[in-house]
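Side-chain atoms are counted along with the backbone in the values below, which use heavy atoms only and exclude waters and symmetry mates.
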Number of protein chains: 2
Amino acid sequence: MADVARVAGVSSQTVSRVSNGFPGVTEETRRQVLAAMRELGYRPNSAARALKRGEFRTLGVITFSLSTMGNIRTLEAIATSAAQQGYAVTLLPVAVPTQDEVNGAFSRLGELAVDAVIVIMEIHLLDAATVSLPPGVQVVVADSDAGDRYTVVDTDQVGGARDAVRHLLDLGHDTVWHLAGPEDSFAAQRRANAWRTTLAEAGRGAPPLVRGDWSAESGYRAGLRLADQRECTAVFAANDQMALGLLRALHERGRKVPEDISVVGFDDIAEAASFLPPLTTIHQDFAEVGRLCVEGVLSKIRRPAQDAAGQGTTLVPTRLVLRSSTAPPPRGGAGRGGRGVRPR
Amino acid sequence: MADVARVAGVSSQTVSRVSNGFPGVTEETRRQVLAAMRELGYRPNSAARALKRGEFRTLGVITFSLSTMGNIRTLEAIATSAAQQGYAVTLLPVAVPTQDEVNGAFSRLGELAVDAVIVIMEIHLLDAATVSLPPGVQVVVADSDAGDRYTVVDTDQVGGARDAVRHLLDLGHDTVWHLAGPEDSFAAQRRANAWRTTLAEAGRGAPPLVRGDWSAESGYRAGLRLADQRECTAVFAANDQMALGLLRALHERGRKVPEDISVVGFDDIAEAASFLPPLTTIHQDFAEVGRLCVEGVLSKIRRPAQDAAGQGTTLVPTRLVLRSSTAPPPRGGAGRGGRGVRPR
DNA sequence: CCAGTGGATGTTTACGTAAACATTAGCTAG
DNA sequence: CTAGCTAATGTTTACGTAAACATCCACTGG
């Protein structure tokens, strides 16, 4: 910076002003400084800048191995939103989702140049790690449910599941089966609960819950079992990948979708539109989740002294995407006599 | 740090030594300092540290929207390897793969606290961006082919494609069809070239090339066309997703896999083992690619003055994973008379 | 014509750390 | 017993930047 100042024939402070776009610099002077910068290949030292300003303009993101598409797209949205706000994003990978690893990530965090942290993680592993959270580092949690202790941003799992079930009931199906995600996932839990509640609200009985593990393979295995349940005319799968396996199993067993069985998924992954048949599913707006995470964390940074406050959960609405995998139940079958039946 | 020094009754320099694990500090003193650190909740300021040391201990990763699974897994491996080496990873997302966006990312890079950059990107967009590369920032490129100008780490596309084709020829197929990726992808280009070369080496004619765009949907469309080519008994798909679409199309058209047609994919994505039938495919070691990227970039940082040197391409070997989608050609069909034929 | 005003620019300083150098104490060997 | 050495610790300084304050100058209005 001193060199630039010398070449431009000004003081280093003026260089700083130009560098930060401050007003109160003559156009003439500004041009000279910029020319000197280019000539010398000057680029501001962000370490010194951070030291002086007391902030890094960087957000940390803690996440498990980037295994699920949802996490990845959330991360992507976080990076994009952060960039727009002039913040960089630093990745803190947690290789194995064990308590030790999580604690390790949080303690590493202490030495890291971040102003705040966004956690994309099921909350139960976060519990014991709380203690080691460096003071002054704000946290927002995505894809979880601990609104009482952290600020949480999440997809409206309940609303999405309800929409899925109601759509099938509105089509005239007697009831809706559910292919759930793994028990240790809160998202799966919430979707399953909403499925049960919505059926109860409509006065329908809930068939036995079938459980998978999010994978297409598990959906396939579940599908083989469901195909034998002749009274089953509608299935709500907790994610699109399991729905894919389900479709394959049903096809293999000669159960036509949507003529014999309707299927609704959850997530709206890119491939869902290319399934056979194209999958009706619940669209999640991961981009919005990411954006809100960044917004939440930045507002925390900017308004200090939000200790007890700043908690609560922000829900991102979902959207039912109609494709070809849903239809009214077969006439001769278990349907309640056609379309007319619409609970609520 | 001064506070810690006061509480521990030592100088700040001693605190620094403890903080950095230097030798030459009495065990007694060390304990006192550590106790003071804990008591005050001290954590080193990485900005000041970076300013003093002249390095950030951070790597930047420039990548297009995290769309393909390969990029994601490479990124994950980079983050993990970097963490092991005491480096953090900062994400530089490029929303749209246009020249402007890439240039923008590179100029933002200038103000960013990174010591080196890993680019996961097709190289042609990197060309014009070269000029704005800040001096002193080392670059390694993954998944590309510009070994003459950058250090490149990539999967051995050629070897993988050759293994796929040879496997099918060894099974006795007359020739192998190829479902290629999009024209603007170098990876797709290299796989297609290797397919053609391997066939030529074996003295076989190359059937017309069928092109997709990496998506399952495009694989499905291509599959419908291939199903009508009765002489086609073996297909090498340039990635697993297209292979998935291909399998579905063939199944729909009543062409049995592997009895009528053998299919080999590329990538070995998680779902490949659950395809119907489980897919024989070329396994890519993305973790190794990521690790080598980090290693390469760190060695550049540590050994300065590698201007002209440090170029070249490192190839990561692939592995043929045998599953159930490949078999000898049908007897009555176009096969060359069974297994015996093994070129080379 | 001059005090007053405000815009443009310069000077000083501190941010937290660690390298380089300085000092002290304890010990060994002659 | 002391010079000479080493290990442990302390002191000074600079890293590059930007806030706070200081200065200068041109112009306005009475």
Kindly indicate whether the side chain of [X], heavy atoms from C-beta on, has any atom under 4.5 Å from the side chain of [Y].
X: A:Asp154; Y: A:Arg190; result: yes
X: B:Thr155; Y: B:Leu315; result: no
X: B:Phe56; Y: B:Leu112; result: no

Under 4.0 Å between a side-chain N or O of B:Thr14 and OP1 or OP2 of D:dG10?
->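 For B:Thr14, the contact criterion (side-chain N or O under 4.0 Å from OP1 or OP2 of D:dG10) is met.
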Quiz item: Is any side-chain N or O of A:Thr29 closer than 4.0 Å to OP1 or OP2 of C:dT9?
Solution: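 Answer is yes, contact under 4.0 Å.
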[X] [atom1] to [N] [atom2], straight-line distance once rounded to whole Å:
X: B:Arg6; N: D:dT11; atom1: CZ; atom2: P; result: 13 Å
X: A:Gln32; N: C:dA8; atom1: CD; atom2: P; result: 15 Å
X: A:Phe56; N: C:dC15; atom1: CZ; atom2: C1'; result: 11 Å

Regarding A:Thr58 and A:Thr90, is there a side-chain donor-to-acceptor distance under 3.5 Å anywhere?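 Result is no, nothing qualifies.
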Does either side chain, that of A:Arg49 or that of A:Ser19, offer a donor lying less than 3.5 Å from an acceptor on the other one?
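Their side chains do contain a donor-acceptor pair, which is all the 3.5 Å distance test asks for.
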- Does a salt bridge link B:Arg73 with B:Glu76, judged by any charged N lying under 4.0 Å from a carboxylate O?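 Answer for the salt bridge query: no.
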In 5'-to-3' order, the base (B), backbone-only (S) or no-contact (-) status of each nucleotide in nucleotides 16-27 of chain D, using a 4.0 angstrom heavy-atom cut-off, is BBBBB-------
